[in-house]
Amino acid sequence: MSYARIIGTGGYLPEHIVTNFDIEQKVDTSAEWIFERTGIEQRHIAAPDETAADLAEHAARRALDAAGIDGDTLDLIVVATTTPDHVFPSVATQIQARLGAYGCPAFDVQAVCTGFVYALGIADKFVRTGSARRALVVGSETFSRILDWTDRTTCILFGDGAGAVVLEASEEPGILSSHLHADGRYKELLWVPAGVSSGYDQTCLNQAYVAMRGSEVFKMAVRTLGRIVDETLSANQMTAEAIDWLVPHQANERILVATARQLNLPMSRVISTVRYHANTSAASVPLALDVGVRDGRIQPGQTVLLEAFGGGFTWGSVLLTY
Ligand code: COA
């Protein structure tokens, strides 16, 4: 039985930091309100000429370095993004060219904040079935570009960044299972109304920005994340005590705490980066994973549970031995 094992992680955050104090100068809010309701203190924002492909390339190069391999040895690239540089070509093909991995399949996945978990689940299946031996999986977002910076209910929550992992086929356990779900009935709770195909009213530019019914999303996220964790544990005949690290999607510290509480897991076993990164959508899980790996908390052989929830709604999890 062959597994897909993570052999390198990488992350990248744009240089420019926007604090809650910066935001309180722009909209009717306060730094304290943002921190109390979300746990967020700051977010990184891409420079005007910095795109999702640029962020993805930095994170990918760091993951390749950590794995000790060259880009031309990759045989699959999957990028999760909601904010690609172009309608087409994909971000994945652009970073393929920059990394010199010519010829292998490269494509983007769009599942908003669950995007990286979807991408990892897909890449795992390529590796397990022998269709790829080495895969690069990236989550990269420039979410700041689809925010209405006059809307205090959304602009406080998000940031930009990218995270990446390199997977390799191995006889040693790696990804143990992945669980992907969606329920499209909830579209209008969290969405960008405008689109390439549906267009938008030029007199109503805020249709091109994130619209969200925050408290409904919050309740749904807590309920759904509890369920996905239960599903993952029961599929692996495990209990929560077996989890060394929970690496959740970083949307709101209160959602992280609620999920950990449902699991009876102390916060000391949860990797939380939301305070410094805010919600970086598809980049949030791989960025948090990279932080946990690089600061030495996540050790080889440990059991790690990744989970995410996002627009659509979409949600999912990946259980792995690091
Ligand atoms: N500053 C000050 N007040 C604000 C505010 C802000 N930035 N944003 C909203 N408020 C106000 C509201 O207008 C409301 O006022 P009212 O009672 O006079 O109507 C009040 O605060 C409470 O709003 P509510 O939306 O119920 O607050 P909340 O406790 O649910 O917190 C969120 C709001 C957005 C922080 C929270 O709902 C949340 O995090 N939701 C999930 C968002 C998310 O994770 N999205 C991505 C999922 S992938």
Side-chain angles (χ1 to χ4, degrees), residues 18-43 80-83 109-119 139-141 143-144 146-161 163 180-184 186-192 206 209-229 247-260 270 272-275 277-288 306-317:
V18 173
T19 66
N20 292 352
F21 295 101
D22 297 326
I23 291 187
E24 73 177 12
Q25 310 300 315
K26 292 186 186 160
V27 293
D28 180 19
T29 189
S30 72
E32 296 74 33
W33 192 96
I34 300 171
F35 185 65
E36 268 166 30
R37 306 307 294 163
T38 68
I40 297 166
E41 207 171 275
Q42 61 169 55
R43 67 286 294 139
T81 186
T82 315
T83 49
V109 169
Q110 213 281 59
V112 207
C113 299
T114 320
F116 180 79
V117 168
Y118 264 62
S140 184
E141 297 283 17
F143 231 72
S144 61
I146 54 167
L147 294 177
D148 176 354
W149 286 95
T150 66
D151 176 5
R152 70 176 184 175
T153 67
T154 51
C155 76
I156 59 164
L157 295 171
F158 297 93
D160 299 334
L180 308 179
H181 296 280
D183 188 338
Y186 297 99
K187 163 180 160 184
E188 288 171 23
L189 293 191
L190 176 56
W191 66 320
V192 174
N206 64 4
Y209 300 127
V210 173
M212 183 181 68
R213 304 218 306 253
S215 63
E216 287 165 74
V217 174
F218 186 99
K219 285 178 211 140
M220 188 69 92
V222 171
R223 265 204 309 276
T224 310
L225 290 171
R227 278 211 317 271
I228 191 75
V229 170
V247 184
H249 171 49
Q250 312 283 321
N252 182 322
E253 182 72 13
R254 286 156 56 217
I255 298 178
L256 271 64
V257 169
T259 312
V270 179
S272 174
T273 53
V274 68
R275 181 171 186 163
H277 299 177
N279 180 348
T280 57
S281 184
S284 101
V285 169
L287 267 169
L306 316 179
E307 45 91 328
F309 177 86
F313 286 134
T314 55
W315 64 98
S317 65

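Counting starts at 1 for both ligands and their atoms, following the listed order. The figures that follow rest on heavy atoms only: side chains count, while hydrogens, waters and symmetry mates do not.
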Atom 20 (C) of ligand 1: protein heavy atom closer than 4.0 Å? no

Pick from Arg37, Met212, Glu253: the one approaching atom 43 (C) of ligand 1 most closely through a non-hydrogen atom: Met212

Over all atoms of both residues, closest heavy-atom pair of Phe309 and His249: O-CD2, 3.4 Å

Find all atoms of ligand 1 within a distance of less than 4.0 Å from any non-hydrogen atom belonging to Phe218, and give their numbers and elements. 38 (C), 39 (O), 40 (N), 41 (C)

Between Gln25 (side chain) and Val27 (backbone), is there a donor-acceptor pair under 3.5 Å? no

Do any nitrogen or oxygen atoms of His249 lie less than 3.5 angstrom from nitrogen or oxygen atoms of ligand 1? no

Which of the ligand 1 atoms, numbered from 1, are nearer than 4.0 Å to a heavy atom of Ala251: 44 (O)

Can you confirm whether something in the protein, heavy atoms only, sits under 4.0 Å from atom 29 (O) of ligand 1? yes

Can you tell me if Gln250 uses its side chain to pair, donor with acceptor, with the backbone of Pro248 under 3.5 Å? yes

The criterion is salt bridge (Lys or Arg N to Asp or Glu O under 4.0 Å); which residues satisfy it with Asp183, sequence neighbours excluded? Arg185

Of all the non-hydrogen atoms in the protein, which one sits nearest to atom 31 (O) of ligand 1, and at what distance? Trp33 CH2, 4.0 Å

Does a side chain donor of either Thr83 or Glu141 reach within less than 3.5 Å of an acceptor in the other side chain? yes

I'd like to know if atom 5 (C) of ligand 1 has any protein heavy atom within a distance of less than 4.0 Å. yes

List ligand 1 atoms under 4.0 Å from Asn279, heavy atoms only on the residue side. 46 (C), 48 (S)

Is the side chain of Thr259 donor-acceptor paired with the backbone N or O of Leu225 at a distance under 3.5 Å, no angle test? no

Closest approach of any protein heavy atom to atom 26 (O) of ligand 1, naming residue and atom: Ser215 CB, 4.0 Å

Would you please name every residue forming a side chain to side chain donor-acceptor pair (under 3.5 Å) with Ser272, sequence neighbours left out? Glu253

Using a strict 4.0 Å cut-off to heavy atoms of Thr38, name the atoms of ligand 1 that fall inside it. 35 (C)

Is the shortest N/O to N/O distance between Gly310 and ligand 1 below 3.5 Å? no

Within the protein, is there a heavy atom lying under 4.0 Å from atom 23 (O) of ligand 1? no

Which residue, Ile228, Thr114, Thr224, forms the side-chain contact (heavy atoms from CB on, under 4.5 Å) with His181? Ile228

Using a 4.0 Å cutoff against the non-hydrogen atoms of Phe309, which atoms of ligand 1 qualify? 48 (S)

Would you check the N or O atoms of Arg152, main chain and side chain alike, for any that come under 3.5 Å of an N or O of ligand 1? yes

Any N or O of Ser30 closer than 3.5 Å to N or O of ligand 1: no

Heavy-atom nearest neighbour in the protein, as seen from atom 39 (O) of ligand 1, with distance rounded to 0.1 Å: Asn252 ND2, 2.7 Å

For the side chain of Tyr118 and the backbone of Trp315, is there at least one donor-acceptor N/O pair under 3.5 Å apart? no

One finds that the ligand 1 atoms under 4.0 Å from a non-hydrogen atom of Thr29 are 1 (N), 2 (C), 6 (C), 7 (N)

Determine the sole option in Leu157, Asp160, Thr154, Thr280 for which the side-chain contact (heavy atoms from CB on, under 4.5 Å) test with Phe143 is passed. Asp160

Considering the heavy atoms of Cys113, write down every atom of ligand 1 situated less than 4.0 Å from one of them. 48 (S)

Treating Arg152 as the side-chain partner and Asp28 as the backbone partner, does any N or O pair qualify as donor plus acceptor under 3.5 Å? yes

Given 3.5 Å as the limit, does a donor-acceptor pair link the side chain of Asn20 with the main chain of Glu32, or not? no

Candidates Ile255, Val217, Ile23; heavy atom nearest atom 47 (C) of ligand 1 found on Val217

What atoms of ligand 1 come within less than 4.0 Å of a heavy atom belonging to Ile156? 7 (N)

For atom 41 (C) of ligand 1, state whether the nearest protein heavy atom is under 4.0 Å away. yes

Hey, does the side chain of Asn279 reach the backbone of Ser284 with a donor-acceptor pair shorter than 3.5 angstrom? no

Heavy-atom distance from atom 16 (P) of ligand 1 to the protein below 4.0 Å? no

Looking only at non-hydrogen atoms, find the nearest pair between Ala278 and Arg43 and report the distance. CB-CB, 3.6 Å

Answer yes or no for atom 9 (C) of ligand 1: protein heavy atom present at a distance under 4.0 Å? yes

